[in-house]
Amino acid sequence: RFDELSALENDEKLDDEGEKELASLHTILDGDYSNEQKVFGGFYINVTHSGKVEVHAGLVKRADKKAAIEAGILKESMHHGKNKPKSDYSQKLVDDLNAIKLGARQNAMVNKGEMLLDILAFQLSGVTGYNQVLGMRFDHPRNQPETETGFSLDDRLTSPREESYGRYDTDLGKEFVKFQAKGKKHRNAELSRHLAALLMGGDDALSTMIDDTSGANIRSVWTPTAENFFKRVNGAYLENLHQNMLGMKSDHKEAKVFAKLKKGEKATYLEKIFGDEDTRKALGLDADQIARIDAWLPDYFG
């Protein structure tokens with residue numbers, strides 16, 4: 001296309017629209033960097049936590065730095081080496097001065113409970129990225145199985161954090177003002193969803209108390225399926241489960257038919273009993289059987 005437009009331009013047959021297109025193609029071909037810069041420069045591609053693709057270009061490898069400086073592509077750093085001006089302050093004094101500045105900040109904030117909650121929610125939201133506003137580290141515990149079926153959490157626990165998470169060029173001052181402007185309702189919602197995602201429970205006594213008080217219910221988020229459970233236990237386990245759920249003994253006709261099935265068939269059959277309404281109706285399950293099935297949990301959970 002560039003060659004076509006160039007030929008028209010040489011013949012003075014190029015209209016205004018064509019000239020604009022040719023100029024844009026010139027820009028593309030020229031690129032953002034000169035050929036001399038490209039000899040030493042490169043780029044890397046980063047995929048953020050939210051899935052956004054970012055290109056960081058114009059970078060020079062450490063091994064090529066000296067040659068790039070000699071070629072006039074880079075300027076010698078003023079932060080290192082002989083050109084670095086000598087500081088009037090020793091490192092120990094700098095550390096003390098930084099501690100004094102931080103102490104003054106904390107002293108001013110000790111009675112600002114609401115603002116501290118804003119800051120906590122702000123950091124949890126992910127906008128701060130790798131910058132620590134609070135001296136706290138949060139390691140998110142695993143709360144989802146590797147299998148894909150039969151498990152679903154509240155969207156607030158699985159939705160991604162703010163898109164600016166992990167960026168180094170974010171103006172946190174402006175972002176914090178925008179965060180505060182959303183109000184306490186938004187702040188408290190962020191606190192709730194992110195602190196809930198960090199919750200582990202402590203010891204057995206506290207975990208039990210938390211579960212009892214909050215009404216935690218495993219079956220509200222998990223339904224056993226062939227993939228996530230039934231295929232992962234042995235055939236005898238499946239036979240006992242089938243009998244217990246339907247309230248029958250091992251010599252029952254249906255129990256005998258079930259026992260003759262292959263393990264995969266047993267798993268698929270139980271998945272339908274646990275999660276398919278049409279199968280339940282076709283089998284004529286009564287209210288007691290359905291209640292028993294809907295409340296069942298592996299004895300692992302105690």
Side-chain angles (χ1 to χ4, degrees), residues 1-10 14 16-87 89 91 94-95 98 102 119 122-142 144 146 148 158-179 190 194 197-198:
R1 181 59 176 164
F2 177 81
D3 291 340
E4 291 174 1
L5 293 174
S6 296
L8 289 173
E9 184 184 41
N10 293 333
L14 195 62
D16 291 343
E17 186 174 340
E19 287 181 357
K20 291 179 181 178
E21 184 180 358
L22 182 60
S24 68
L25 293 177
H26 261 298
T27 301
I28 293 173
L29 291 173
D30 291 341
D32 296 323
Y33 301 95
S34 67
N35 290 332
E36 290 78 10
Q37 289 173 320
K38 290 177 182 177
V39 170
F40 300 99
F43 65 92
Y44 71 85
I45 297 174
N46 174 57
V47 181
T48 69
H49 288 268
S50 61
K52 181 181 178 182
V53 176
E54 297 178 334
V55 178
H56 302 268
L59 306 176
V60 177
K61 290 182 179 180
R62 188 182 299 275
D64 298 328
K65 182 178 178 180
K66 183 178 179 181
I69 292 174
E70 292 175 351
I73 303 303
L74 286 182
K75 291 183 179 180
E76 192 164 357
S77 174
M78 295 296 292
H79 298 287
H80 300 284
K82 61 183 180 180
N83 292 324
K84 182 180 179 181
K86 185 177 180 180
S87 174
Y89 309 114
Q91 187 58 50
V94 168
D95 292 341
N98 286 335
L102 178 57
I119 291 172
F122 184 58
Q123 180 162 322
L124 287 169
S125 72
V127 178
T128 60
Y130 299 107
N131 295 288
Q132 280 193 301
V133 186
L134 297 168
M136 304 170 68
R137 176 176 174 176
F138 303 104
D139 295 319
H140 286 73
R142 177 183 169 189
Q144 298 189 64
E146 292 183 356
E148 297 181 358
T158 57
S159 57
R161 303 206 289 181
E162 298 287 346
E163 287 190 2
S164 55
Y165 178 77
R167 293 180 60 94
Y168 292 100
D169 57 352
T170 303
D171 186 328
L172 294 184
K174 290 182 179 179
E175 292 296 327
F176 183 57
V177 170
K178 290 194 295 185
F179 184 85
E190 286 295 281
H194 290 297
L198 291 166

If you define the side chain from C-beta out and look only at heavy atoms, does anything of His140 sit under 4.5 Å from Leu198? yes
All ring pair (Phe, Tyr, Trp, His ring centres under 6.0 Å) counterparts of Phe2, not counting sequence neighbours: His26
For a side-chain contact (heavy atoms from CB on, under 4.5 Å) check, start with the C-alpha distance between Gln144 and Thr158, then their side-chain angles and the critical distance, and finish with the verdict. CA-CA 10 Å; Gln144 298 189 64; Thr158 57; 3.9 Å; yes
Hey, are the side chains of Val127 and Lys178 touching, using non-hydrogen atoms and a 4.5 Å cut-off? no
So with a 6.0 Å cut-off around NZ of Lys38, is the heavy-atom count from everything else above 12? yes
Just by distance, do the side chain of Arg62 and the backbone of Asp64 share a donor-acceptor pair under 3.5 Å? no
With the side chain counted from C-beta on, respond yes when Glu190 and Leu124 share a heavy-atom pair under 4.5 Å apart, and no when they do not. no
Glu148, CD atom: more than 12 neighbouring heavy atoms under 6.0 Å: no
Could you state the interatomic distance from OG1 (Thr128) to CD (Gln123), rounded to the nearest 0.5 Å? 4.5 Å
So how far is it from Asp3 CG to Leu8 CG, rounded to the nearest 0.5 Å? 11.0 Å
Quick one: does Gln132's side chain have a donor or acceptor within less than 3.5 Å of a partner on Met136's backbone? yes
One should read off an interatomic distance between Asn98 CG and Gln91 CD, to the nearest 0.5 angstrom, of 8.0 Å
Quick one: are Ile69 and Lys75 in side-chain contact, heavy atoms under 4.5 Å? no
Show the nearest heavy-atom pair for residues Phe40 and Ala67, with the distance to one decimal. CE2-CB, 3.6 Å
Quick one: pull up CG in Leu134 and CZ in Phe122 and give me the separation to the nearest 0.5 Å. 11.0 Å
To the nearest 0.5 Å, what is the distance between CG on Asn46 and NE2 on His49? 8.5 Å
Could you list the residues that satisfy side chain to side chain donor-acceptor pair (under 3.5 Å) with Arg1, not counting sequence neighbours? Glu4, Glu21
In the structure I gave you, are the side-chain heavy atoms of Ile119 and Phe176 within less than 4.5 Å of one another anywhere? yes
Taken to the nearest 0.5 Å, the spacing of Leu5 CG from Asn10 CG works out to 11.0 Å
Is Asp16 atom CG crowded by more than 12 heavy atoms from other residues, nucleotides or ligands, each under 6.0 Å away? no
Can you name the nearest heavy-atom pair linking Ala68 to Val60, along with the distance? CB-CG1, 4.2 Å
Could you tell me which non-hydrogen atom of Ala197 sits nearest to which non-hydrogen atom of Pro141, and how far apart they are? O-CD, 3.5 Å
